[in-house]
Protein chains: 2
Amino acid sequence: MTKGGSCSGDLQSVVPVFAALGDPIRLSIVARLSENGPLPTIRLTEGVGAISRQGINGHLRVLEEAGLVESARVGRMRQWQLRTQKIAIIRKHLERISIVWDARIAALRALVEDDAAPLSPPALCRPER
Amino acid sequence: MTKGGSCSGDLQSVVPVFAALGDPIRLSIVARLSENGPLPTIRLTEGVGAISRQGINGHLRVLEEAGLVESARVGRMRQWQLRTQKIAIIRKHLERISIVWDARIAALRALVEDDAAPLSPPALCRPER
DNA sequence: TCCATGCGCAACCTCCCAGTTGCGCGCAGC
DNA sequence: GCTGCGCGCAACTGGGAGGTTGCGCATGGA
């Protein structure tokens, strides 16, 4: 578990979130929930071309297990709504990756342009073994 | 193409980016590139337990097609480095989804608490048909 | 010149999952 | 009561992604 290496911490825990968003149907579900507010399953099934209710249900389960949506029975239908917490978490991870990378590239560029001794490459984490 | 509905615009174009990040190996590759700077394929193969070079190569191709990394031949090895542009794009999409949703939920909550007429639900996009 | 290294291409295999279908149940409305 | 709508569960299936193996080529160093 913690053997994955690098100091990314719990980065691996957000893999299901990215995987859940990496599907056109699921991403459109998230977008529709964001724009139209909470919706029942049957409402989400309409508007997605040529896919059964059970197919949509499977996608909703994936989104639910990833922590991106939550649901509750309202009468005889199940209402789905977004949860923005996981989205905030992956936004933070992405921000960190961008910042660390840009800083590293800037440092490398400075090293090259200053023609300094390129030995001992800078390492924010570990020298990769 | 433009039939997908909702005013999400080019949201579907970032699906491959999320799909590329939705794999533990690929996400760890991105993290290692972010932390350790540009690396050749053979270096990325080490450190990932029990997977062949071709396996890593496949993942790198996926990341490349998603626009998350780019590569160049340096001598007899292929050097890989991050591209932060697509990361910035999906950060923007995620930010928008969070903001729109939170605003909508806040408006709904205000409607309920003010006990106003709950008819004609607010719609930032379209009333979902 | 010769050898080791790192990469690219192609074929092959395995297995997981997206999607369908069928059926039954619970709730809303008449 | 009865009927219809929306949902949940289970079994089945096809296709594609992930991974390996084998081979050949180009490059760098002795």
Side-chain angles (χ1 to χ4, degrees), chain A residues 4 12 15-33 36-66 68-81 118 128-129, chain B residues 4 12 14-33 36-81 118 128-129:
Chain A
Q12 291 299 318
V15 165
V17 183
F18 283 120
L21 294 175
D23 178 277
I25 294 179
R26 289 196 289 266
L27 192 56
S28 76
I29 288 176
V30 169
R32 288 177 62 191
L33 286 181
N36 297 102
L39 291 173
T41 309
I42 195 67
R43 214 85 178 80
L44 289 168
T45 303
E46 310 163 1
V48 177
I51 186 172
S52 66
R53 174 180 59 87
Q54 297 296 345
I56 293 293
N57 212 345
H59 287 297
L60 286 170
R61 294 302 174 185
V62 172
L63 289 171
E64 186 178 36
E65 289 190 7
L68 283 168
V69 301
E70 61 185 359
S71 65
R73 286 296 289 260
V74 177
R76 63 183 167 187
M77 28 187 187
R78 179 167 291 275
Q79 199 87 339
W80 295 91
Q81 65 176 11
E128 188 73 15
R129 184 206 308 260
Chain B
Q12 290 299 318
V14 301
V15 165
V17 183
F18 283 120
L21 294 175
D23 178 277
I25 294 179
R26 289 196 290 266
L27 192 56
S28 75
I29 288 176
V30 169
R32 288 177 63 192
L33 286 180
N36 298 101
L39 291 173
T41 310
I42 195 68
R43 212 87 178 81
L44 288 169
T45 303
E46 309 162 2
V48 176
I51 186 173
S52 68
R53 174 181 59 87
Q54 297 295 347
I56 294 293
N57 212 347
H59 286 298
L60 286 169
R61 294 302 174 186
V62 173
L63 289 171
E64 187 178 35
E65 288 190 7
L68 282 168
V69 301
E70 61 186 0
S71 65
R73 285 297 289 260
V74 177
R76 64 184 166 186
M77 25 187 191
R78 178 168 290 275
Q79 199 87 341
W80 296 90
Q81 66 175 12
E128 187 75 12
R129 186 209 304 260

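Labels below follow one simple rule: chain letters A, B, ... track the order of the sequence lines, proteins then strands, and each chain is numbered from 1.
Checking the phosphate oxygens (OP1, OP2) of D:dA17, no side-chain nitrogen or oxygen of B:His59 falls inside 4.0 Å. Residue A:Arg78 places no side-chain N or O under 4.0 Å from the OP1 or OP2 atom of D:dG6. Between D:dG8 and A:Asn57, a contact under 4.0 Å exists linking OP1 or OP2 to a side-chain N or O. Taking side-chain N and O atoms only, B:Thr41 has no distance below 4.0 Å to OP1 or OP2 of C:dG6. Dashed line: the shortest gap from a side-chain N or O of B:Ser52 to OP1 or OP2 of D:dT20 is under 4.0 Å.
Using a 4.0 Å heavy-atom distance criterion, B:Ala50 is classed as a sugar-phosphate-only contact.
Judged by distance alone, with hydrogens and angles left aside, the side-chain atoms of B:Arg32 form no donor-acceptor pair with the main-chain N or O of B:Leu27 at under 3.5 Å.
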Could you list the donor-acceptor pairs under 3.5 angstrom formed between side-chain atoms of residues 50-57 of chain B and any protein atom two or more places apart in sequence or on another chain?
residue	atom	partner	partner atom	Å
B:Ser52	OG	B:Gly55	N	3.2

- Task: List the protein contact pattern of nucleotides 23-30 of chain D with one symbol per nucleotide (5' to 3'): B for base contact, S for sugar-phosphate-only contact, - for none; contact means a heavy-atom distance under 4.0 Å.
- Result: ----BB--
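In this structure, CZ on A:Arg78 lies 7.0 Å from OG1 on A:Thr41, to the nearest 0.5 angstrom.
The end-to-end axis angle of the helix from C:dT1-D:dA30 to C:dC30-D:dG1, rounded to 10 degrees and based on five pairs per end, is 30°.
Considering only the side chain of B:Ile51, D:dT20 comes nearest among C:dC7, D:dG18, D:dT20.
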